[in-house]
Amino acid sequence: MQTSNSSPALRAGSQATPDPARPAPQAGPALSSRRPAEDRPSFLVLLLSHPLFLRLASILIVVGGWEYAGRVPISPAFPTFLETMDALFGMLADGTLPLAFWTTLQPLAIGLFASVFVGVAFGVTMGLNRLAEWLGAPLFIIAQSAPLAALIPILTFAYGIGLTSKVMTVCIMAMPVIVLNSLNAVRHTPASLVEMGRCFQGTRWQVVWKIVLPAAAPVIFAGLRLGCAAGFIGVILAELLITPTGIGDIITYNQSVAEYAKMYAAIFSIIVFSVLFIEVLERLEVTLFRPEKRAAR
Amino acid sequence: MNAMSASAIDTEPRAIVEVEGVSKIYPGGTEALNNISLDFPEGQLTTLLGPSGCGKTTLLKIIAGLIPATTGAVRVDGRTVTGPGPERAFVFQDFALMPWATVLRNVAFGLELRGVARSEREAVAEQYIGHVGLKGFEKAYPHELSGGMRQRVGLARALTVNAKVLLMDEPFSAVDEQTRRKFQEDLLELVARERKTFIFVTHSIEEAVYVSDRIVLLSRRPSRVSQIVEPNIPRHADPEDIRRDPVYLDTVEEIWQGLKKYLDEGI
């Protein structure tokens, strides 16, 4: 779900820079002097079918629907979009939200950092070595299919209610998909590319570093995006289930005092943050590892 | 010059690649090759031809050192093959280009693995990119090239490492017919110019007869050498004339008759 969301969104983001420049020079002459009868409809069609326009329209429809549903109202506990935004900026201004993010980001950053590095290392090792795969893969396959949120009470029991158990929650949510994607990515390196490396007498290390890892990068990064999204779920779960801190605290506290606009604002902010984070990750991938994708754009 | 070098080789062609009693049984019991002994004369283009699935590619990969023979040995330049070596370069059926690397880096990759300095290997690569007719595409990525152009990149990469023996595994099979013909003509030019030994695998009889000095016919699996044909075709003639040459047509027919029995058995 996260990948399908993030990739079109990213393209919208990456096109945002050149795009305003493109319709602007067309808009001037087309609408004013030259062949207005012929150009105006084509400009309209151009605008309507423009990816950026359609993406903005999609957001506007959701926001509009939200605003409408809040005004009906479908539930007294459902604020309108504008109320939510008002609460969001209020909390941003008085420092509540930045402080909450700072608290939430600590276990998230530590957990994701550990999951990404340990997870990719584990997955790549298992992809390169059958023995390591047989030893390690069952654990992660179980971990991926099990409802790991059920382990949170055990983690709390073992590590207390502090930072450690929240970091652990992020890790158990994020790591399995990262490990398994890295494993599969490495395992599916095109055989002829590896043969090519051997043919030209590449050492094992060269073949792994120059062929296997770049070939595996797209799938590893798909795993990282999924894993990081799962890590966001993990940190919020931890803050809701272990002890309310950070964003989780804002959500639970405002729910209990019926300040629904603030509660929704907190949820909204963490969703936006998560989406932005995963987009940045995808851009990082394209910049660092996929020069041919960059060239195609 | 072409005729001269050809006659010089014809008189005393040294066997640069010697295959001695090679058999290959894959794990699981599939017997791909059965006691194959073959010599590949230096400076010539020898084709391994046979019905599909007959183990031509297996033999080529054993010569390349990519897979070990079950029994028997391969010697290149007098040394027994235990793995890939600098005197052999491989051209892959599916091109085996790195999609994330430019044409320049792909072509220079063999030298990159050998630790040749960047400026030096890129200079060599640029020269061979020119030789295969891809000048101006140095910065392109493989997905921006046609199948034929991609195989030219694969060929240039094999040429940069300056190996004595070029192993080509059905290099033109993933390329359309028109491009294929042009490729075959270019290959003849390359053989004449580079004075390397080529071992070429194909399932196309016409292609084999058109490009080869020597054709080794392999039988169905488990493969044996069933026949060796040396098409005596004037190489320096016009490509169109070669394709209409009676010797060319007769050789194609002869090989077809030789291979037909395997097809009949197979059906």
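These figures come from a predicted structure and were not determined experimentally. Proteins come first, then strands; the chains are lettered A, B, ... in the order of their sequence lines, and each starts at number 1.
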Among the options B:Ala101, B:Gly110, B:Gly85, pick out the one with the most heavy-atom pairs lying under 4.5 Å from chain A.
B:Gly85

Tell me, yes or no, whether the heavy-atom count around B:Glu20 atom CD, taken from other residues, nucleotides or ligands under 6.0 Å, exceeds 12.
no

Can you say whether B:Gln93 sits under 4.5 Å from chain A via the side chain, the backbone, both, or neither, judging by heavy atoms?
neither

Just wondering, do A:Lys210 and B:Glu112 contact through their side chains at under 4.5 Å, heavy atoms?
yes

Against chain B, label A:Pro214 side chain, backbone, both or neither, depending on which of its atoms sit under 4.5 Å from a heavy atom there.
both

Above 12 or not: heavy atoms from other molecules or residues under 6.0 Å from CZ of A:Phe53?
yes

Check A:Cys199 against B:Pro84 and note the closest heavy-atom contact, atom names and distance.
O-CB, 3.7 Å

The interface call for B:Lys61 against chain A, heavy-atom contacts under 4.5 Å, is side chain

Report yes if the side chains of A:Phe200 and B:Thr160 come closer than 4.5 Å at any heavy-atom pair, otherwise no.
no

Under 4.5 Å to a heavy atom of chain A? For B:Leu97 that would be backbone

Does atom CZ of A:Phe140 have more than 12 heavy-atom neighbours from other groups under 6.0 Å away?
yes

Taking every heavy-atom pair that is under 4.5 Å apart, which of B:Arg88, B:Arg114, B:Arg157 has the most such pairs with chain A?
B:Arg157

For B:Leu66, does its backbone N or O pair with a side-chain atom of A:Arg198 as donor and acceptor, under 3.5 Å?
yes

Would you say B:Lys196 has more than 12 foreign heavy atoms packed within less than 6.0 Å of its NZ?
yes

Among A:Val207, A:Thr203, A:Val194, A:Leu193, residue most engaged with chain B (heavy-atom pairs, under 4.5 Å):
A:Leu193

Is there a side-chain contact between B:Phe95 and A:Ser192 in this structure, where contact means two heavy atoms from C-beta onward sitting under 4.5 Å apart?
no

Counting only non-hydrogen atoms closer than 4.5 Å, does A:Ala217 touch chain B with its backbone (N, CA, C, O), its side chain (CB onward), both, or neither?
neither

B:Pro86 versus chain A, heavy atoms under 4.5 Å apart: side chain, backbone, both or neither?
both

Are A:Glu195 and B:Phe90 packed together at the side-chain level, in the sense that at least one heavy-atom pair is separated by less than 4.5 angstrom?
no

